[in-house]
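I have placed the structure first, in the form of structure tokens, so that the comments after it can refer back to it.
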Number of protein chains: 2
Amino acid sequence: MTTTDWLEDLRRERSDLGRASTAGRVADVLRTRITEGHLRPGTRLSEEDIGAALGVSRNTLREAFRLLGHERLLVHEFNRGVFVRRLTVDDVRDLYQVRRILECGAVRRVAERMDADPSIAGRWPDLLAPVRAAVEEGESAASRGEWVDVGTANMHFHQAVADLAQSPRVTEAMDHLLAELRLVFHVMDAPQAFHEAYLPGNRAILEQLAAGDLAGAESGLAAYLDTAEAQLVEAYAAGAA
Amino acid sequence: MTTTDWLEDLRRERSDLGRASTAGRVADVLRTRITEGHLRPGTRLSEEDIGAALGVSRNTLREAFRLLGHERLLVHEFNRGVFVRRLTVDDVRDLYQVRRILECGAVRRVAERMDADPSIAGRWPDLLAPVRAAVEEGESAASRGEWVDVGTANMHFHQAVADLAQSPRVTEAMDHLLAELRLVFHVMDAPQAFHEAYLPGNRAILEQLAAGDLAGAESGLAAYLDTAEAQLVEAYAAGAA
DNA sequence: GGGTGAAGGATTGTTGAACAATCCGTCAAT
DNA sequence: ATTGACGGATTGTTCAACAATCCTTCACCC
């Protein structure tokens, strides 16, 4: 790396700080509000009200809405306004379909790349560190009785599994998918119990991954996804009626 | 289905026609221009010029740009404007990583669902029809010497394979991925030869799928993706330097 | 009571003007 | 060759305005 290369890196890095547009910042604020459940599915976001509350113009707010639309957190209804997305049972099923493809695919891909390049095995503990951290985070939260944090850790676990693919696009897709799933959990009666039941399974999957039994881990993951989907569809269908 | 149900469907269907926003329509026009190669990677899209050319205001155009951003066709550079995305070799590699996960995952998922629900086998020829149509489209185009259409058909083939997952989100992700790939092909010297070499492989994959040899099809697909990636990375690295 | 149509208010979608901030290219001075 | 200043172009945002649309309410009729 030459001097101009790292200077360029530094410049780019600095330019990423404090250079977000107002539209981008507004989108961040709204995204957080939505994924944390303050703005519930079905809520209508009035340009006038939100613009006044956040102190931005309607045009800027509209740009922010467009930014959030692609994350499927908002839905634009032409001439009727913008709403926090209300997911259907079919949405839930599709989300699990995609999770199987992304998460199981990520594990399979890393197994294939290990076969092709044995030097990956030497870095495997490092690659697994975020998965391990998420499992420990969940167990720690459960021991403290912090059920919200258990759910958060469970999502970190699954994000970390998808990150094993080492693909920016897979990581981003999983990030959006988990954000959408949060909309589902906000509608559920007892999301905490949902997540907490899967802690031992996460630990088992981690140990399989650590032991190099990637096929076993993938099977465990698939079994988890099947069970979680069935449970969630049942709870969601009941709660959304 | 009751009367009110199909009336509602009809109303929704009618309401989807001619109810696109101007921002949405502008995004469509720009998307087509980009994916067809008229707006080349690296091109800067001046709000003033594009707005004047399309007869829309800058604010509307900015919304359209935000709509296209999430498809990775455009890249916003703060205070510098909006550019048609120029992909790197790492982008190409990541695209193929995601393709493996999506396309092979789709085939695997449909195999798993067939195991779980044998009635799918009765509908399999229907489900395979778009894949078959794309293969025939490609062979027809090649016999006429229409190499651009061969490339288009090849993309239809891969889109149809991903569609086997019967997941709206997978379909959309694949759609975006293929749009991005078009940006790669526009920079290549001879993209036609690239696509045409894979026609026999597509036919073989189709026949494997039709014969129910889903594992064989998945292997053929993975082999294609490995070969195509290597070839494309080599061509792209040479052409982009 | 139920159905229909009209009116009015609220809101959305879009346009255009304006201005501050930023970027980039050019030119002059060292 | 390097640095700094300047000017022009452009972006990002705000504001005001207006047409179009939607939704609610009310009046009228059967």
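We name chains A, B, ... by the order of the sequence lines, and we start the count at 1 in each one.
- Across C/dC23, D/dT14, C/dG13, the shortest atom-to-atom separation from the side chain of A/Asn79 is found for C/dG13.
- Contact of A/Asn59 with D/dG12 (side chain to base): no donor-acceptor pair of N or O atoms is detected under 3.5 Å.
- The CD atom of B/Glu180 sits 6.5 Å away from atom CZ of B/Arg85, with the distance rounded to the nearest 0.5 Å.
- Rounded to a whole Å, the CG atom of A/Asp49 is 10 Å from the C1' atom of C/dT11.
- We find that NE2 of A/His76 is positioned 10 Å from P of C/dT12, with the value rounded to whole Å.
- Atom CZ of A/Arg66 and atom P of C/dT14 are 7 Å apart (whole Å).
- A/Gly51 comes within contact range of no nucleotide atom at all, as no heavy-atom separation falls under 4.0 Å.
- Rounded to whole angstrom, the span from the CZ atom of B/Phe78 across to the C1' atom of D/dG12 amounts to 7 Å.
- Here B/Arg25 does not pair with B/Asp28 in a salt bridge; the nearest charged N to carboxylate O distance is not below 4.0 Å.
- Comparing B/Arg44 and A/Thr22 by the nucleotide of DNA chain D whose heavy atom lies nearest to each, the residue mapping closer to the 5' end is B/Arg44.
- Aromatic ring pairs are classed by plane angle as parallel below 30°, tilted from 30° to 60° and perpendicular above 60°; the pair A/Tyr224 and A/His158 is parallel.
- Under 4.0 angstrom from either OP1 or OP2 of C/dT22 there lies no side-chain N or O belonging to B/Arg80.
- A straight line from CZ of B/Arg62 to P of D/dT10 spans 15 Å, rounded to a whole angstrom.
- Using a 4.0 Å heavy-atom criterion, one finds that B/Gly24 contacts no nucleic acid atom at all.
- Rounded to an integer number of Å, the gap from B/Glu48 CD to C/dA17 C1' is 12 Å.
- The side chain of A/Ala23 has D/dT13 as its nearest neighbour among D/dT13, D/dT11, C/dG13.
- Contact check for A/Phe185 versus A/Leu232: side-chain heavy atoms found under the 4.5 Å cut-off.
- Contact annotation: A/Thr60 side-chain N/O to D/dT14 OP1/OP2 distance is under 4.0 Å.
- Going from atom CZ of B/Phe83 over to atom C1' of C/dC24 covers 12 Å, rounded to whole Å.
- Atom CZ in A/Arg58 sits about 12 Å away from atom P in D/dC15, given to the nearest Å.
- By the 30° and 60° cut-offs, the orientation of the rings of A/His76 relative to A/Phe65 is perpendicular.
- B/Glu63 comes within contact range of no nucleotide atom at all, as no heavy-atom separation falls under 4.0 Å.
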